[in-house]
> 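The structure is given below, and queries will be raised subsequently.
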Amino acid sequence: MKRSKDRRIKKLKRNRILPSLIGLCFLLFLFIILLAVIASFTVVSTLYTKMDQCNANSERIAYAYKNVSEGDIDKTGENVLSYLSFSPDIDTVSILSADEKPLWSSSDRYPDMSSASTFSIRQNGTDYTYYIAVEEDAQNIFEFEDEELAISSDIFDFIKLQSLNKMSETSESFDNISIIEAKLWYIIPSGDYNVCVLNHIHVYAMDFIFILTILGTAVAMLAIFCIYYVISFIFVLADQHKITKIIYTDMVTGGNNWLHFTTHSTKLLKRASKKRKKYAVVHLRMRKYQSFCTCFGVKDGEELLERFYHALRKNIKRKEQVAYRENADFALLLLYEDENTLSERISQIESSICQVLENIKLNFSFGICLPEKGETDVEKLYNNAYIARELLCEDNEKHIAFFDIEMNKQHLWEHKVEDDMEKALLNKEFQVYLQPKISTRGEQLGGAEALVRWIHPTEGFIPPNRFIPIFERNGFILKLDDYMLEEVARKQSEWIAKGRKVVPISVNISRAHFTREDLADHICRIVDKYNVPHDVIELELTESAFFDDKQVLLNTVKQLREHAFPVSMDDFGAGYSSLNSLKELPIDVLKIDADFFRGIDSLDRGMLIVSEVIDLAKKLDMKIVAEGIESREQVDFLIEQECDLIQGYFYAKPMPMDEFEKTYE
Ligand code: C2E
Ligand code: CA
Ligand code: CA
């Protein structure tokens with residue numbers, strides 16, 4: 001599950017910038033290669049044409065000197081000069097004798113035959129030999145090296161090779177219009193002479209006009225393409241930014257979401273272990289958010305969450321994190337030094353977010369998980385913080401709980417209980433056990449208390465303290481208490497029908513019931529199904545219910561007594577008992593908590609208090625039941641104090657109803 005989620009997130013976050021960048025570079029590279037090929041091809045072919053021209057001119061001049069006697073050289077030279085006026089590319093014409101002595105020149109220049117190279121060309125079936133020498137004042141474009149000449153069988157190949165080599169060096173001369181310039185002597189043996197023609201070879205930018213147009217168009221296209229690519233690249237960047245923002249934004253608060261929290265917190269936790277910083281993962285819940293939504297609507301509820309988010313943001317530092325999780329839950333990653341300062345800081349955060357609403361008192365609870373060194377699994381850490389908060393007692397003053405490993409086991413157990421409870425009720429896995437209450441007068445059976453036991457198909461016998469607190473938290477206790485009440489009513493009616501003498505059996509009514517105003521009527525409806533007189537069903541409620549909604553409790557007790565149900569106050573003396581509640585609550589029976597009798601001897605102050613409480617209760621016309629009595633000594637003391645009933649292991653442990661029936665016939 002988690003892996004496929006990770007894959008989906010990775011896909012969303014995948015970087016689209018790199019492929020675009022690579023694409024752009026590749027296209028540019030292709031264009032450059034293409035331009036280089038076109039340019040070199042153009043230069044070479046232009047050069048080729050020029051060389052052809054030089055060759056033809058030189059041939060023509062050489063032909064003019066064929067069969068000319070030495071005395072006619074000047075005259076021939078003049079003719080040649082007039083011919084030259086039409087060929088601006090021919091610089092000089094000179095005549096050397098067969099043994100290379102200078103005979104005539106149009107400008108007193110002769111080639112250096114020692115540096116000339118030999119070439120042969122076959123024309124019309126005849127081989128012609130040429131010599132080529134570089135003129136000193138040429139732009140030194142060609143470097144004639146013997147090895148290169150040796151492998152160049154053809155002059156054009158040779159020049160092409162040289163010009164290609166020089167391409168890059170001469171490219172800056174684009175500014176001077178001439179791209180390539182060279183002066184070459186063509187030395188052609190003709191009759192008795194060597195006719196030398198100094199050719200001035202230019203490759204002008206003008207020669208490239210057509211190619212330049214193509215190149216210009218290509219460059220323009222390239223520019224357009226690049227601009228298009230850059231623009232689309234900017235759009236990709238913007239899209240990438242937008243996508244990142246969307247996947248990290250929470251729709252309810254407009255702030256960071258859970259994905260942002262886990263991603264960034266993981267990074268911070270990884271860095272923290274290197275820098276010796278300590279982080280705490282905190283789970284925060286606003287209590288009674290559902291009630292708030294019921295009163296003010298979901299829209300106001302969501303607005304409230306948004307305000308919480310911003311209030312939380314103001315309270316966190318730069319290298320900390322906050323995100324909205326779900327329902328009314330937020331996740332925080334906080335730096336801390338020790339647990340005390342962390343608790344203080346959380347209390348400060350709490351009081352700051354409490355100020356978000358002025359007229360309504362808000363309640364929050366916090367679960368905290370302190371990661372071990374190197375622990376970076378944020379989801380697990382948050383889950384632990386969640387468990388700690390879940391197991392937090394309702395009346396925890398600070399509303400803050402730190403996670404420890406035991407909590408995990410407890411949490412798993414809670415889940416199991418919650419998964420199985422409904423089925424257990426249907427399958428009658430909950431059984432009623434009865435514990436007798438013995439009268440101090442003649443040590444007779446005077447009553448009993450119904451106590452639940454869960455006989456689980458796989459877990460076996462489960463005592464109530466392992467599931468009652470869970471049911472109290474999740475509300476299932478309401479169903480269970482109704483079930484117990486009904487089972488007791490059924491048993492009492494069965495015993496009455498059998499003609500058996502029945503004693504009052506007390507049933508525990510959890511404080512969770514006292515939120516409903518028709519509780520008395522509800523109890524009547526259950527009991528009346530079995531036609532049982534109300535005085536044989538006693539209702540035990542704890543004093544703590546007094547602190548939830550005093551008025552509902554007082555009204556319910558009043559109504560129950562009007563319906564003739566005996567009402568007892570359970571666990572008196574445990575926790576925060578007050579004599580005040582005794583005065584206000586019109587109850588019939590006071591059950592003194594077993595705590596009074598734990599670890600104290602008869603002379604102790606505890607006994608003194610018990611005797612005073614018994615005295616007071618008698619004056620208020622209440623019956624007294626002492627709970628958790630385990631020794632003869634305690635029994636004797638209670639008889640002496642005229643306590644009415646005694647419940648405890650001294651007489652009997654809670655037992656199944658059948659066993660109870662047989663034992664107390
Ligand atoms: P409680 O109502 O105060 O019940 C009395 C508890 O004290 C019972 O524990 C009983 O077994 C135990 N007890 C009785 N005599 C002695 C004794 O001499 N020594 C010692 N050590 N213990 C003694 P149990 O049955 O485990 O129940 C625990 C608590 O679970 C009950 O306390 C009650 O608060 C709750 N509970 C049990 N059944 C129900 C139920 O059906 N509904 C509700 N709402 N709560 C129930
Ligand atoms: Ca009880
Ligand atoms: Ca009790």
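For ligands, and for the atoms within them, numbers begin at 1 and follow the listed sequence. Atoms considered below: every heavy atom in the structure, side chains included; atoms not considered: hydrogens, waters and symmetry mates.
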> Indicate whether the side chain of Ser506 and that of Lys591 have a donor and an acceptor atom separated by less than 3.5 Å.
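Judged by distance alone, the side chains do not pair up.
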
> Counting only heavy atoms closer than 4.0 Å, does ligand 1 sit against the backbone of Asp570, its side chain, both, or neither?
side chain

> Glu661: which residues meet the side chain to side chain donor-acceptor pair (under 3.5 Å) condition with it, sequence neighbours left out?
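Glu661 satisfies side chain to side chain donor-acceptor pair (under 3.5 Å) with Trp495, Lys498 once adjacent residues are dropped.
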
> Between Thr262 and Trp258, is there a donor-acceptor pair closer than 3.5 Å when you use the side chain of the first and the backbone of the second?
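Present.
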
> So, Asp615 and Lys619, do they make that salt bridge, N to O below 4.0 Å?
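Judged by the 4.0 Å cut-off on N to carboxylate O distance, Asp615 and Lys619 do form a salt bridge.
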
> Considering only protein heavy atoms, which is closest to atom 19 (N) of ligand 1, and at what distance to one decimal place?
Glu630 OE2, 2.7 Å

> How are the rings of Phe364 and Phe366 set relative to one another: parallel (under 30°), tilted (30 to 60°) or perpendicular (over 60°)?
tilted

> For ligand 1, which is the ligand I care about here, please tell me if Glu472 has any N or O atom under 3.5 Å from one of the ligand's N or O atoms.
no

> From atom 9 (O) of ligand 1, is the closest protein heavy-atom distance below 4.0 Å?
no

> So that I can tick it off, tell me whether Asp636 and Arg632 are bridged by a salt bridge, with the cut-off set at under 4.0 angstrom between side-chain N and carboxylate O.
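Answer for the salt bridge query: yes.
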
> Between Lys491 and Glu494, is there a salt bridge with N-O shorter than 4.0 Å?
yes

> Between Arg345 and Glu337, does at least one N-O distance fall below 4.0 Å, as a salt bridge requires?
no

> What protein heavy atom is closest to atom 27 (O) of ligand 1, reported as residue, atom name and distance in Å?
Pro464 CG, 3.4 Å

> Nearest protein heavy-atom contact for atom 4 (O) of ligand 1: which residue, which atom, what distance?
Leu451 CD2, 3.5 Å

> Can you find an N/O atom of Gln435 closer than 3.5 Å to an N/O atom of ligand 1?
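In this structure, Gln435 places an N or O atom under 3.5 Å from an N or O of ligand 1.
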
> In the protein, what heavy atom is nearest to atom 34 (O) of ligand 1, and what distance, to one decimal place, separates them?
Asn508 OD1, 4.8 Å

> Mind telling me whether Phe430 and Trp454 have parallel, tilted or perpendicular rings, with 30° and 60° as the class edges?
tilted

> Look at atom 6 (C) of ligand 1 and say whether a protein heavy atom is found at less than 4.0 angstrom from it.
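So atom 6 (C) of ligand 1 lacks protein heavy-atom neighbours under 4.0 Å.
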
> For ligand 1, which atoms, with element, lie under 4.0 Å from some heavy atom of Met484?
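Contacts of ligand 1 toward Met484, numbered from 1: 41 (O).
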
> Going by the side-chain contact (heavy atoms from CB on, under 4.5 Å) test, name the single residue among Leu334, Ile400, Leu381 that passes it with Val282.
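Among Leu334, Ile400, Leu381, the one that satisfies the side-chain contact (heavy atoms from CB on, under 4.5 Å) with Val282 is Leu334.
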
> Kindly state if atom 32 (O) of ligand 1 has a protein heavy atom within a strict 4.0 Å cut-off, that is, under 4.0 Å?
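Protein heavy atom within 4.0 Å of atom 32 (O) of ligand 1: absent.
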
> Does Arg453 reach ligand 1 with a nitrogen or oxygen that is under 3.5 Å from one of the ligand's nitrogen or oxygen atoms?
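Right, the criterion is met.
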
> With heavy atoms under 4.0 Å as the rule, classify the contact between Ile468 and ligand 1 as side chain, backbone, both or neither.
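Looking at Ile468 and ligand 1, just side chain atoms fall under 4.0 Å.
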
> Could you name the option among Tyr483, Tyr649, Tyr433 that has the heavy atom nearest to atom 18 (O) of ligand 1?
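Answer by nearest heavy atom: Tyr649.
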
> Starting from atom 38 (N) of ligand 1, what is the nearest protein heavy atom, named by residue and atom, and what distance separates them?
Val452 N, 3.1 Å

> Look at atom 29 (C) of ligand 1 and say whether a protein heavy atom is found at less than 4.0 angstrom from it.
no

> Please work out whether the ring planes of Tyr664 and Phe660 are parallel, tilted or perpendicular, with thresholds of 30° and 60°.
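If you compare the ring of Tyr664 with that of Phe660, the planes turn out tilted.
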
> Salt bridge or not for Asp300 and Arg307, using N-O below 4.0 Å?
no

> Not counting sequence neighbours, which residues clear side chain to side chain donor-acceptor pair (under 3.5 Å) with Gln435? List them please.
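Applying side chain to side chain donor-acceptor pair (under 3.5 Å) to Gln435 gives Gln647.
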
> Under a 4.0 angstrom heavy-atom cut-off, which atoms of ligand 1 come close to Gly628?
15 (N), 16 (C), 17 (C), 18 (O)

> Which is it for Tyr530 and Glu486 under the side-chain hydrogen bond (donor to acceptor under 3.5 Å, both in side chains) test, yes or no, and what are the steps along the way?
CA-CA 8 Å; Tyr530 300 94; Glu486 192 159 347; 2.7 Å; yes

> For ligand 1, indicate whether the residue Glu627 contacts it via side chain, backbone, both or neither (heavy-atom separation under 4.0 Å).
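Just the side chain.
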
> May I ask you to list the atoms of ligand 1 that are less than 4.0 angstrom from any heavy atom of Pro654?
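Going through ligand 1 atom by atom, the ones under 4.0 Å from Pro654 are 11 (O).
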
> Considering only non-hydrogen protein atoms, determine which one is nearest to atom 3 (O) of ligand 1 and report residue, atom name and distance to 0.1 Å.
Asp571 OD1, 3.3 Å

> Are a donor atom and an acceptor atom from the side chains of Asp338 and Thr341 found within less than 3.5 Å of each other?
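Judged by distance alone, the side chains do pair up.
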
> Between the candidates Ile629, Thr542, Asp481, which shows the shortest non-hydrogen contact distance to atom 40 (C) of ligand 1?
Asp481

> Measuring from the Ca ion (ligand 2), count protein N/O/S atoms under 3.0 Å, please.
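There are 4 of them.
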
> Does ligand 1 have any atom that is closer than 4.0 Å to a heavy atom of Glu449?
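True for this residue.
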
> Got a sec, which residues hit ring pair (Phe, Tyr, Trp, His ring centres under 6.0 Å) with Tyr386, two or more places apart in sequence or on another chain?
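Tyr386: ring pair (Phe, Tyr, Trp, His ring centres under 6.0 Å) contacts with His283.
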
> Between Phe476 and Lys479, is there a cation-pi geometry (under 6.0 Å to ring centre, at most 45° from the normal)?
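Not flagged: Lys479 not positioned over aromatic ring of Phe476.
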
